[in-house]
Amino acid sequence: MTRYQRIDRRRFLGTAGALAGVPYIIPSGILAASGKPGANDRITLGHIGVGGMGNGHLGRGLKFRELGETSVAALCDADEKRLAASVRRCGDAGVRAEPYADYRYILERDDIDAVIIATPDHWHGVQTVHACESGKHVYVEKPSSVTVQEGQAMVKAARANNRMVQVGAQGRSGMPAYYTCRAIRNGMIGRVKTVDCWHYANPIDANPVPDTAPPPELDWDMWLGPLRWRPYNQRYCHGTFRWLLESGGGQIRDRGAHQFSTILWCMDADGPLSFSVEATGNAPTKGLWDCPPDMDVTYRFKDPEWTLIWSQPGRKAGKTEFGQVFYGENGSLLLEWEGARKWAEPEAIDFKVPPGGFEPYTPNLHDDFGMNHMGEWLKSIAASDRLPNVDIEIAHRTAILCILGNLSYVLGRKLEWDGVQQQIRNDEHANRLLAKPQRHPYHL
Amino acid sequence: MSHNDLGREITELAPRLADGDVEVARAAKRAMWHCVRQAGRPDAGDERQFVVAALISLLQGSQPAAVYREVLWMLSEIGSAESVGPIAAMLSNKTAREDARMALERIPGDESVLALELALESAPADFRTNVAQSLRARGQEVPGLPCQKLKPTKQTEVSPV
């Protein structure tokens, strides 16, 4: 399969003229009118995980419904309060969506074409594999996985079942990243030798609390899913899971999954990459969270040689909380955040592609990058002959960077990654940690 | 450091894992994991065996369930054939058996597969599918015990609008 040729926003809106200038809210009465997409043309969605990011994705699912592209048929969460809130939200939009506490009921439904997975990171791999094996297309939040083995299984399941799996690293669907990629890939700053990321620190659990029984609305067993069992703790659940290595993996596996995705795009480095990785950091000395507040990770690539640096807090070069600077032979170029939410440098925006130069593909369909990214997935499902722009294989390679950064920190030693064999060279212990056994029955 | 220093540290730190002061327990856990990760490095030599031996002796003593679980996961990272028997013995401990199963699943070699096969024969009915899962993960066929991963079980009390 090949990726789309870039479709200019103006051209797209010209052919889809009814949408031009129209806000996303379209009265439901005209959705199946003559010349409008009818119910049979829609992709029927199930939303798995509807708090936090999942609630945002539900909003997008409902917007695409208003645009005639989707139906929202099912909702799932391990937290009954969150599930009830999502049911109400759908009801307010005139949608009757069936609630479930167990995502596998959604996978059993033949009328559901695709699922949007926005559960905690430790569920991404298992649920994506199960969904593909059940014949569903998948939009899954980043990072794509918490272990290398999960990522490999996700790629295999997507390919074996011919499903479209888009991963929610939206940078490649944002114009700032597009401008930056276009400038770098066409040599504006010469060959790039170093990319330096800065990011604010992981937080410390400054108010630790003892383990307790879970709140009545939460199915703690389901929330933990594949992870080894542990008692519930208020500091280890919604949102805060990010600060534990086994689940969230800290900033490098959260924002790093965004930033690294954009960087690999700009560096034309989506293929199998071999590199060394060496991480240092200071473990917290208090509280439940174990991600290092400060962290420095250096990745060294060969053929071509370049270095990627992840630093918390690092050398802040821009105006915002995190970003990266590309250092080339002929200058540097800064990109804030992941290249979607903030802005690109004016030189990159103004850069003209030389004749015969490289034109990156970005799904230029909607003004909002989140809609763009999900819209790209829906288009790939409809087209069925091309992969979405952050296909699972691309995201898996990005996640490997995040996972191995943390692994090098945890092990306190430099690792040599063989990107073709997908193994660490000469380190049996480290290779064993590329996979993690999962609790029954929540496994790949 | 002598070769057995990491092993001695494991032995000394282990009782603190169940300390009433949760911060002491967490500090002990961090320190023990540090020893395990040091012992796993490629040039660790005898240190790995000393740490594994210290962990096995913890499994063979009387410990709170939380200590057993932590030790099982430590052994899953650096244990080899010598760890299989002591881990397999934990399959009869109802609070630690799932962690023991996962530890066996992770330890390379024929010994761990054989231990899982033996466990399947004697496992109680409510644990047999768990063991079968590990055997499948290790490439074994387990006829008669179908995979449960896609079978939904959880019910919600939330009603559709």
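- Contacts between residues 111-142 of chain B and chain A, counted as heavy-atom pairs separated by less than 4.5 Å, involve B:T129, B:N130, B:Q133.
- Interface remark: A:A97 contributes backbone atoms only to the contact with chain B (heavy atom separation under 4.5 Å).
- A search for side-chain contact (heavy atoms from CB on, under 4.5 Å) contacts involving A:R413 returns A:L411, A:L415, A:D427, A:H429, B:R41, B:P42, not counting sequence neighbours.
- With a 4.5 Å cut-off on non-hydrogen atoms, A:V410 touches chain B through its backbone and its side chain both.
- In this structure, the portions of B:R69 lying under 4.5 Å from any heavy atom of chain A include both its backbone and its side chain.
- Heavy-atom distances place the side chain of B:E98, and not its backbone, under 4.5 Å from chain A.
- By a heavy-atom distance cut of under 4.5 Å, A:A435, A:K436, A:P437, A:Q438, A:R439, A:H440, A:P441, A:Y442, A:H443, A:L444 are the residues of residues 435-444 of chain A near chain B, going up by number.
- Contact of B:K29 with chain A is not made at all, since no heavy-atom distance falls under 4.5 Å.
- Proximity to chain B is limited to the side chain of A:E428, based on heavy atoms less than 4.5 angstrom apart.
- Of the two parts of B:R26, only the side chain, counted from C-beta on, holds a non-hydrogen atom closer than 4.5 Å to a non-hydrogen atom of chain A.
- Residues meeting the side chain to side chain donor-acceptor pair (under 3.5 Å) test with A:Y409, sequence neighbours left out: none.
- Both the backbone and the side chain of B:Q155 come within contact range of chain A, each with at least one heavy atom under 4.5 Å from a heavy atom of that chain.
- With a 4.5 Å cut-off on non-hydrogen atoms, A:Y100 touches chain B through its backbone but not through its side chain.
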